[in-house]
Engineer: 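The structure follows.
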Amino acid sequence: MPVLEVENLKTYFYTLRGIVKAVDNVSFTVERGEIMGLAGESGCGKSTVAWSLLGLVPPPGRIVDGSIRIDGMDITRMSEAEIRRKIRWSKISMVFQGAMNALSPVHRVGDQIIEPLLIHKGMEKSEAYSIAEDLVQQVGLPPEILKRYPHELSGGQKQRIVIAMALIMEPDIIIADEPTTALDVIVQGQIINLLKSISKKKGISIIIISHDLSVIAEMADKVAIMYAGKIVEYGPSEKIFKEPQHPYTQLLLRAIPRLHGVKEKLIYIPGSPPDLRNPPRGCRFHPRCPYVMDVCRVEEPPLFQVGHQHYSACWLNKESGVAATKALEEAKA
Ligand code: SF4
């Protein structure tokens with residue numbers, strides 16, 4: 001059974017200027033020990049998916065439909081107190097974007113790491129500290145670092161501390177939201193390797209959220225590409241990067257520089273993502289798509305199955321695949 005099953009998730013923000021459909025009918029699963037990458041341009045809904053999974057969607061946003069089953073428990077049916085007691089940090093935790101902002105500047109990092117153990121497990125401080133000492137060593141830091149304040153640490157050390165915080169309650173899933181942003185390339189590589197080895201050694205599933213496709217390519221077993229609140233392509237990492245099917249994925253990949261073997265000219269995607277209060281009719285990518293057809297302007301494409309566990313929401317894939325929903329129904333029957 002997957003450790004996480006998200007089905008038809010809709011998270012909307014009810015603003016004075018209209019309803020922002022930040023996440024609109026998103027479905028995916030994550031297996032135990034699997035690393036899934038969630039990629040797309042800024043504002044495509046990646047971080048809102050993360051907030052939804054933790055039950056932490058800030059007002060005026062809320063989950064309006066769908067289900068999120070973590071270890072079989074649907075958190076959309078739970079009260080905030082239940083989520084806090086049974087799910088957040090113990091089943092699913094998060095490495096927040098920007099380690100500098102995730103740590104309190106006025107508390108020693110050790111006190112910040114052990115806080116969930118004191119609150120949720122009622123542990124004595126000395127016992128919690130010895131767990132934290134062990135944990136910081138696992139993320140490559142000396143135990144003495146627990147006595148320091150955040151301003152006494154480098155960017156890479158802070159990021160490791162934030163990863164240790166996410167691990168302290170031994171969760172099944174960690175969401176890493178842009179975990180390498182603002183780090184230099186050497187430290188980026190170290191953090192990527194650290195997350196990969198944590199997943200492998202402890203069997204923890206990781207959802208890595210990034211606008212940087214090279215980070216996703218380096219880490220993920222499978223990838224979901226989001227555009228304007230929807231998943232437009234979903235499948236094994238190798239397929240997404242070597243044989244992308246959706247025009248948006250193809251263009252995104254052609255917009256990143258590569259060092260070896262690719263002779264294609266670098267391009268950019270013209271236009272900008274749509275206003276999610278009033279997204280375009282039909283395919284949301286149609287105003288920017290070089291292959292747009294009449295049907296794209298009026299009818300939204302479903303996810304078509306284009307390969308083994310590989311799906312693409314584009315009318316161009318209609319001939320090459322079966323509608324994913326139909327394929328899944330057939331598989332269930
Ligand atoms: Fe382009 Fe049409 Fe495919 Fe959308 S459905 S990505 S507009 S070809």
Side-chain angles (χ1 to χ4, degrees), residues 6 8-12 19-28 36-46 48-49 66 209-213 216-217 220 222-256 262 264-329:
V6 176
N8 304 328
L9 179 68
K10 293 183 182 177
T11 305
Y12 295 171
I19 303 168
V20 180
K21 297 178 177 176
V23 174
D24 204 9
N25 222 0
V26 159
S27 304
F28 61 87
M36 185 182 108
L38 200 51
E41 286 167 289
S42 299
C44 69
K46 309 182 295 280
T48 307
V49 169
I209 296 177
S210 184
H211 66 279
D212 186 343
L213 285 170
I216 302 255
K222 74 175 173 202
V223 179
I225 304 284
M226 283 191 79
Y227 182 77
K230 290 187 176 283
I231 288 179
V232 293
E233 187 161 0
Y234 175 60
S237 191
E238 208 185 311
K239 290 281 173 196
I240 299 277
F241 285 100
K242 288 198 177 146
E243 298 163 32
Q245 295 295 311
H246 196 281
Y248 178 61
T249 317
Q250 293 168 358
L251 293 173
L252 263 189
L253 289 172
R254 288 194 52 197
I256 49 171
V262 177
E264 280 175 343
K265 220 173 110 186
L266 267 189
I267 54 142
Y268 69 98
I269 308 176
S272 48
D275 181 347
L276 291 181
R277 287 169 304 174
N278 191 16
R281 199 173 158 211
C283 171
R284 290 186 177 184
F285 188 54
H286 88 248
R288 304 171 76 189
C289 181
Y291 312 109
V292 60
M293 303 172 286
D294 287 345
V295 62
C296 310
R297 295 190 177 92
V298 285
E299 237 183 292
E300 188 183 325
L303 276 169
F304 293 105
Q305 188 163 15
V306 291
H308 181 59
Q309 296 183 341
H310 185 183
Y311 304 94
S312 169
C314 172
W315 286 117
L316 291 170
N317 299 123
K318 189 179 176 203
E319 299 307 319
S320 58
V322 191
T325 40
K326 195 169 159 235
L328 290 173
E329 273 165 22

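Counting starts at 1 for both ligands and their atoms, in listed order. Below, each value reflects all heavy atoms present in this structure, side chains not excepted, and no hydrogens, waters or symmetry copies. Heads up: numbering here begins at 1 and tracks the sequence.
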Engineer: If you compare all heavy atoms of Leu9 against all heavy atoms of Val23, which two are closest, and at what distance to 0.1 Å?
Structural biologist: O-CG1, 3.6 Å
Engineer: Show the numbers, then the answer: is there a salt bridge (Lys or Arg N to Asp or Glu O under 4.0 Å) between Glu41 and Arg288?
Structural biologist: CA-CA 13 Å; Glu41 286 167 289; Arg288 304 171 76 189; 3.1 Å; yes
Engineer: Quick test: of every protein heavy atom, which one is nearest to atom 5 (S) of ligand 1, and how far off is it to 0.1 Å?
Structural biologist: Trp315 N, 3.3 Å
Engineer: Would you mind running through ligand 1 and noting each atom that sits below 4.0 Å from a heavy atom of Cys296?
Structural biologist: 2 (Fe), 5 (S), 7 (S), 8 (S)
Engineer: Report, in ascending order of atom number, the atoms of ligand 1 lying under 4.0 Å from any heavy atom of Leu316.
Structural biologist: 8 (S)
Engineer: If the cut-off is 4.0 Å to any non-hydrogen atom of His246, which atoms of ligand 1 fall inside it?
Structural biologist: 6 (S)
Engineer: Do you see a donor-acceptor pair shorter than 3.5 Å between the side chains of Tyr268 and Arg254?
Structural biologist: no
Engineer: Within a distance under 4.0 Å of any heavy atom of Tyr291, pick out the atoms of ligand 1 and give their elements.
Structural biologist: 8 (S)
Engineer: Mark up the atoms of ligand 1 that fall under 4.0 Å of a heavy atom belonging to His286, in ascending order.
Structural biologist: 7 (S)
Engineer: Under 2.8 Å from atom 3 (Fe) of ligand 1, can any N, O or S atom of Cys314 be found?
Structural biologist: yes
Engineer: Does ligand 1 have any atom sitting under 4.0 Å from a heavy atom of Arg297?
Structural biologist: no
Engineer: Do Ser312 and Glu233 have side-chain N/O donor and acceptor atoms under 3.5 Å apart?
Structural biologist: no
Engineer: Need the ligand 1 atom indices (1-based, order shown) with element for anything under 4.0 Å from a heavy-atom of Cys283.
Structural biologist: 4 (Fe), 5 (S), 6 (S), 7 (S)
Engineer: Counting each atom of ligand 1 from 1 as listed, which ones have a heavy atom of Pro247 under 4.0 Å away?
Structural biologist: 6 (S)
Engineer: Please determine if atom 2 (Fe) of ligand 1 has an N/O/S atom from Cys289 lying under 2.8 Å away.
Structural biologist: no
Engineer: Considering only NZ, NE, NH1 and NH2 on the basic side and carboxylate oxygens on the acidic side, decide whether Glu300 and Lys230 come within less than 4.0 Å.
Structural biologist: yes
